[in-house]
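I am attaching a structure below and will ask some questions about it afterwards.
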Amino acid sequence: MAKYSFAVVLVRDEDGMFVASCPALEGCYSQGRTLDEAVQNIRDAIRANVQARLEAGEPIPTGETLVSVEVEV
């Protein structure tokens, strides 16, 4: 079984829900009432996305670079 690692973005929406997305996997989103729930849900979504890509013979995106950007306003 192969292991993959992806960056995930978590944002709290106006209703208090945590919305999770995986930028490397287009359209891979999930949410949860708590941070832990959102992380587990996006993990499941990523797993399903990768499995579908593998079954379809599509490449799995790798080599993602994360950068923190500071701005002064």
Side-chain angles (χ1 to χ4, degrees):
M1 179 178 281
K3 286 190 177 186
Y4 299 92
S5 181
F6 296 97
V8 170
V9 176
L10 291 149
V11 179
R12 199 163 202 177
D13 71 10
E14 61 277 354
D15 297 324
M17 296 288 287
F18 288 93
V19 178
S21 64
C22 180
L25 301 172
E26 188 176 334
C28 191
Y29 298 92
S30 193
Q31 64 182 12
R33 287 183 201 90
T34 66
L35 186 61
D36 288 341
E37 182 179 43
V39 169
Q40 183 57 49
N41 290 343
I42 194 66
R43 183 178 287 119
D44 293 341
I46 290 170
R47 184 179 298 111
N49 188 297
V50 169
Q51 285 176 335
R53 286 172 181 265
L54 291 172
E55 290 169 7
E58 296 176 7
I60 307 302
T62 59
E64 189 173 53
T65 302
L66 297 177
V67 177
S68 178
V69 177
E70 292 182 26
V71 298
E72 288 185 33
V73 180

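All values derive from a computational prediction rather than experimental measurement.
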Atom CD of E26: over 12 foreign heavy atoms under 6.0 Å: no
With rounding to the nearest 0.5 Å, note down the distance linking CG in N49 to CG in L54. 9.5 Å
Please find the pair of heavy atoms, one from N41 and one from Q31, that lie closest to each other, and give the distance. ND2-O, 2.6 Å
More than 12 foreign heavy atoms under 6.0 Å from CZ of R33: is that the case here? no
Joint hydrophobic cluster, F6 plus V9, side-chain heavy atoms closer than 4.5 Å: no
Same cluster for V73 and V69 if Ile/Leu/Val/Met/Phe/Trp/Tyr side chains link at under 4.5 Å? yes
Heavy-atom pair of closest approach, residues P23 and A7: CD-O, 3.6 Å
Can you name the residues that form a side-chain contact (heavy atoms from CB on, under 4.5 Å) with L10, not counting sequence neighbours? V8, A20, L35, A38, V39
Is there a donor-acceptor pair under 3.5 Å between the side chain of D13 and the backbone N or O of D15? yes
Could you tell me whether the side chains of D36 and Q40 share a donor-acceptor contact shorter than 3.5 Å? no
Is I60 linked to I42 within one hydrophobic cluster, defined over Ile, Leu, Val, Met, Phe, Trp and Tyr using a side-chain heavy-atom separation of less than 4.5 Å? yes
Considering all heavy atoms of both residues, which atom of A24 and which atom of P61 are nearest to each other, and what is their separation? O-CG, 3.3 Å
